[in-house]
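When a ligand or atom number is given, it counts from 1 through the structure's own listing order.
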Amino acid sequence: MTAKKIDGRAIAKDIREAVKADVAAMVAEGYNPPGLATVLVGEDPASQVYVRMKHKACEEAGIKSFQHKLPATSTQEEVEILVKELNADPEVHGILVQLPLPDGMDDEQVLNAISIEKDVDGFHPLNIGRLAQKGREPRFVPCTPNGCIHLLKTSGIELEGANAVVLGRSNIVGMPVALLLVEENATVTICHSRTRDLEAKCREADVLIAAVGRPEMVRGDWIKPGAAVIDVGVNRVDDETAKRGYRLVGDVAYEEAQQVAGHLTPVPGGVGPMTIAMLLRNTVRSAKVAYSE
Ligand code: NDP
């Protein structure tokens, strides 16, 4: 069997085009374009790249973006003051604080400071809390986990009653994606670094989501034949033949998995593009709600 590639770039492109059309319609009706503010604290190179990509995507969609850079020496209070100013700014419909924050800063306290109406990343404890409660709707669903579910649904994967295994239990990927799968009526197993016999757990999965940050940890023989595999991991491995001296690989050994899985996302070009597409969609939703109030 050769797995069907789930093309995150193409699926994300469709979402971005729909977002662009939505923004154009809003502007044609006389509203200001939606606005996204990013807050980057410190000089982390990967974070700088992510923030740049988000601004470029906003520009292409017609969303206004506001970039705020603070030095790594900033205090917690300074970051929170900026977030509160953005909460009060009517041109800003979404606020994204790029994680991780520098050592010593309390992520939770900063995320708590974001107004729930502008929490387009979906990480505010209230949004996550609602996600964990049956019958409650979060205002925003976290972008990467929502992107994973969208990829599965768009590929026609049956989630109801499926055995879903999530590798990883982080606040930003593993746990929210597991909660979303429960909402889709899958039977969910969450694995982590203390899980016993991880391989056997994986082999039971009709749907396997890998979000551990370990290059190519999931081997082909861990995968149930025909399973849908979503690889969230983005890992740099040294590669002298590559221009930059490294290449990106996922948490899944792609070539091996391709021989066994039914559906599989590549890295890059799988989950990554979905994260940005979902962020744009959340920002437009936020603006629509703000304009309808
Ligand atoms: P974290 O480091 O926060 O969490 C990793 C999780 O994996 C933890 O729950 C950890 O368990 C578990 N884990 C680590 N090693 C093992 C192991 N050997 N066996 C079983 N479980 C293990 O990572 P994130 O959730 O933030 O990110 C995961 C990956 O996804 C990274 O590669 C990251 O770059 C990528 N990512 C990609 C995004 C995208 O848009 N494509 C967005 C966000 C992340 P424990 O809890 O016990 O420590």
Does the side chain of Glu117 come under 3.5 Å of the side chain of Ser115 through a donor N or O and an acceptor N or O? yes
Is the side chain of Asn87 donor-acceptor paired with the backbone N or O of Ile114 at a distance under 3.5 Å, no angle test? no
Which segment of Asn235 sits under 4.0 Å of ligand 1 when only heavy atoms are counted: side chain
Which residue and heavy atom of the protein sit nearest atom 18 (N) of ligand 1, plus the separation: Met217 SD, 3.6 Å
Of all the atoms in ligand 1, which lie at a distance below 4.0 Å from a heavy atom belonging to Gly168? 6 (C), 7 (O), 9 (O)
Give me the nearest non-hydrogen protein atom to atom 42 (C) of ligand 1 as residue plus atom name, then the distance to 0.1 Å. Thr144 OG1, 3.4 Å
In the protein, what heavy atom is nearest to atom 46 (O) of ligand 1, and what distance, to one decimal place, separates them? Arg169 NE, 2.7 Å
Would Ile190 and Val207 show up in the same hydrophobic cluster when neighbours are defined by side-chain heavy atoms closer than 4.5 Å? yes
Relative to ligand 1, is Leu167 under 4.0 angstrom through side chain, backbone, both or neither, heavy atoms considered? neither
If two hydrophobic side chains count as joined below 4.5 Å and joins carry through other members, does Leu152 share a cluster with Met175? yes
Atom 2 (O) of ligand 1 protein-contacted, heavy-atom criterion under 4.0 angstrom: no
Could you tell me the residue and atom name of the protein heavy atom closest to atom 21 (N) of ligand 1, and the distance to it rounded to 0.1 Å? His192 C, 3.1 Å
Determine whether Tyr254 and Val249 make a side-chain contact, defined as any pair of heavy atoms from C-beta on separated by less than 4.5 Å. no
Option passing side-chain contact (heavy atoms from CB on, under 4.5 Å) with Ile230 (candidates Ile6, Val166, Leu208): Ile6
Out of Arg214, Met274, Arg236, the nearest non-hydrogen contact to atom 16 (C) of ligand 1 is supplied by Arg214
Starting from atom 22 (C) of ligand 1, find the nearest protein heavy-atom neighbour and note its residue, name and distance. Val212 CG1, 3.5 Å
Under 4.0 Å between heavy atoms, the region of Thr275 that gets near ligand 1 turns out to be side chain
Residue-ligand contact Gly174/ligand 1, heavy atom below 4.0 Å: no
Atom of Met26, atom of Pro34 and distance for their closest heavy-atom approach: SD-CG, 3.9 Å
Is it the case that one hydrophobic cluster holds both Leu70 and Leu86, taking links as side-chain heavy atoms less than 4.5 Å apart, direct or via other members? yes
Which residue and atom name correspond to the protein heavy atom nearest atom 43 (C) of ligand 1, and how close is it? Val173 CG2, 3.7 Å
Numbering the atoms of ligand 1 from 1, which are under 4.0 Å from a heavy atom of Ala211? 5 (C), 6 (C), 7 (O), 28 (C)
Would you say the side chain of Arg236 lies within less than 4.5 Å of the side chain of Leu248, judging by non-hydrogen atoms? yes
Is there a path from Phe140 to Ile116 through hydrophobic residues (I, L, V, M, F, W, Y) whose side chains come within less than 4.5 Å of each other? no
Starting from atom 10 (C) of ligand 1, what is the nearest protein heavy atom, named by residue and atom, and what distance separates them? Ser193 N, 4.3 Å
Closest by any non-hydrogen atom to atom 19 (N) of ligand 1: pick that one out of Val232, Val271, Leu198, Thr195. Leu198
Who gets closest to atom 23 (O) of ligand 1 by heavy atom: Gly272, Gly270, Ser170? Ser170
Considering only protein heavy atoms, which is closest to atom 26 (O) of ligand 1, and at what distance to one decimal place? Ile172 CD1, 3.5 Å
Going hydrophobic residue to hydrophobic residue with side-chain gaps under 4.5 angstrom, can you get from Leu99 over to Val232? yes
